[in-house]
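The structure appears below as structure tokens.
Below, each value reflects all heavy atoms present in this structure, side chains not excepted, and no hydrogens, waters or symmetry copies. Indexing begins at 1, ligand by ligand and atom by atom, following the structure's order.
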Amino acid sequence: MSRIQPRIGSLSQKQFARAFETRLKGMHVYLDHAATSPIRPSVLVRYTKALEQIGNPSSVHSFGQTSRQMLEEARESIAKDLGCDRNEVIFTSGGTESDNLAVKGLYWHRRGQDLNRNLVITSNAEHAAVLDSVNYLVAEQGAEAYFVPLDDEGLLDLEDLARVLAERSDQVALISLMWANNEIGVVNPIMQITDLASKYSIPVHSDAIAALGHIPVSFAGSGLAAMTITGHKVGSPVGVGALILSRNQKLTPVVHGGGQERNLRSGTPDAAAASAFAIAVHEAVREQPSKQQLHAELSGRLIEAVKQMVPDVKVSSEKVERLSNNVHFRFPGCLGDSLLFLMDQNGVSISTGSACAAGVSSPSHVVLSLGAGVDEAMGTMRITFGHNSTHTDVDAFLEAFPKAYEGAKLAGLTRR
Ligand SMILES: Cc1ncc(COP(=O)(O)O)c(C=O)c1O
């Protein structure tokens, strides 16, 4: 997520101060749920209560055992909501850790069994937690990466995947392809991918963070060997997540120590956070059908109105199956950064969708992976809805947008 800094040519320190003032007055509208979603009231209640619990879940005294019970109840609840066995839920510190554990852990395990298996199949549109884990394996661990091509809507070329599998199945360590893309919202055909991989018994990991709560997500029916989820995108505190790992799948741990979480993720488990996480997952899964419907209405309204105002805007992945809570625009001739800051100044928080490091924006690697140019990949705006989004948020967006767009157009493509 972008660090808010006065770095856009058209904006001064004073304008930023005004943006913060608007937010402090409580009039600010939050439309960046894919970055992080506000904690749900019910989760906050459970979490603050759970934090009072004394005891390490590994301790045998009664305090410890009460913490253990809280942790195991959370595991059980998540397992029920995601259609997996409770032993398949490995608590972690969040999505980044789960992705690292899956990609590195599966690679090390498979390579350890067969030195020939050094090929990791993924795509250029994956989150950095997957891409950088793969890059690390390539740079340091003798891996080779194969990136399944995408078309301009973000659809994976499954024929190409089938071809690579047929030609090189005995070299493949794992496949890691996300369930839905967190930037452009395109949904990947996970079942078709696992179907292709199953012919060669190749484990498939999927980052399901963007999908959870927005489309049906069931581990049991997915054919996946491993699946990543994180709490803070569905209304739990930040810093808790899980890797769902099939009981038939082994992997090598990344973190070593006390052997917690089936020896796969050492470290004292955060029982309070796990308990909060379980409530958030439960509510997200329970509400998923109705929220999907509501978010489709919100997205539809927003897209139609923006198209009227800016006829040459591009809507990413518009022609394919996509998450209803995600709207991703590409505006010609202006910077996503300018739009973000001007919208923020007008009381609406959105995102460019692309990651930025230390306040320096770079073109979206996801948009580039669709074959777009650098200017197009810098002119992005992502709006994501979540559990507390309403039509009033869309009203606020549509009120703020024309002025922000005019300002961003004037600022043009000049970057500092
Ligand atoms: C698709 C995806 N994967 C992984 C992550 C990282 O998750 P966390 O912030 O819990 O480490 C994110 C969060 O931005 C994400 O959107």
Atom indices of ligand 1, in the order listed, that fall short of 4.0 Å to a heavy atom of N182: 1 (C), 16 (O)
Exam field: side chain S266 to backbone G257, donor-acceptor pair closer than 3.5 Å: yes
Interfacing atoms of ligand 1 (cut-off 4.0 Å, heavy-atom, K233): 12 (C), 13 (C), 14 (O), 16 (O)
Parallel, tilted or perpendicular: rings of F331 and Y405 (30°, 60°): tilted
SB check R75 E261 (cutoff 4.0 Å): yes
Those atoms of ligand 1 less than 4.0 Å from some heavy atom in D99: 3 (N), 4 (C)
Shortest protein heavy-atom distance from atom 6 (C) of ligand 1, along with the residue and atom involved: T96 OG1, 3.4 Å
Parallel, tilted or perpendicular: ring planes of F91 versus F277, cut at 30 and 60 degrees: perpendicular
Within reach of ligand 1, part of H232 (heavy-atom separation under 4.0 Å): side chain
Distance-only polar pair, side chains of H295 and S324, donor-acceptor under 3.5 Å: no
From L155 atom CG to E321 atom CD, the distance as rounded to the nearest 0.5 Å: 9.5 Å
Min side-chain heavy-atom separation V134-E126 under 4.5 Å: no
Under 4.0 Å to a heavy atom of T230 - the qualifying atoms of ligand 1, by number: 10 (O)
Subset of ligand 1 atoms that lie under 4.0 Å from at least one heavy atom of G94: 10 (O)
Contact check, E126 vs ligand 1, heavy-atom distance below 4.0 Å: no
For atom 7 (O) of ligand 1, the protein heavy atom that lies nearest, with its residue and separation: G95 CA, 3.4 Å
Worked check of side chain to side chain contact (heavy atoms under 4.5 Å, CB included) between E153 and R322: CA-CA 10 Å; E153 290 285 298; R322 58 193 317 286; over 6 Å; no
Protein heavy-atom partner closest to atom 12 (C) of ligand 1 - residue, atom, separation in Å: H127 NE2, 3.3 Å
Part of V238 with heavy atoms under 4.0 Å of ligand 1, whether side chain, backbone, both or neither: neither
Closest approach of any protein heavy atom to atom 3 (N) of ligand 1, naming residue and atom: D207 OD2, 2.6 Å
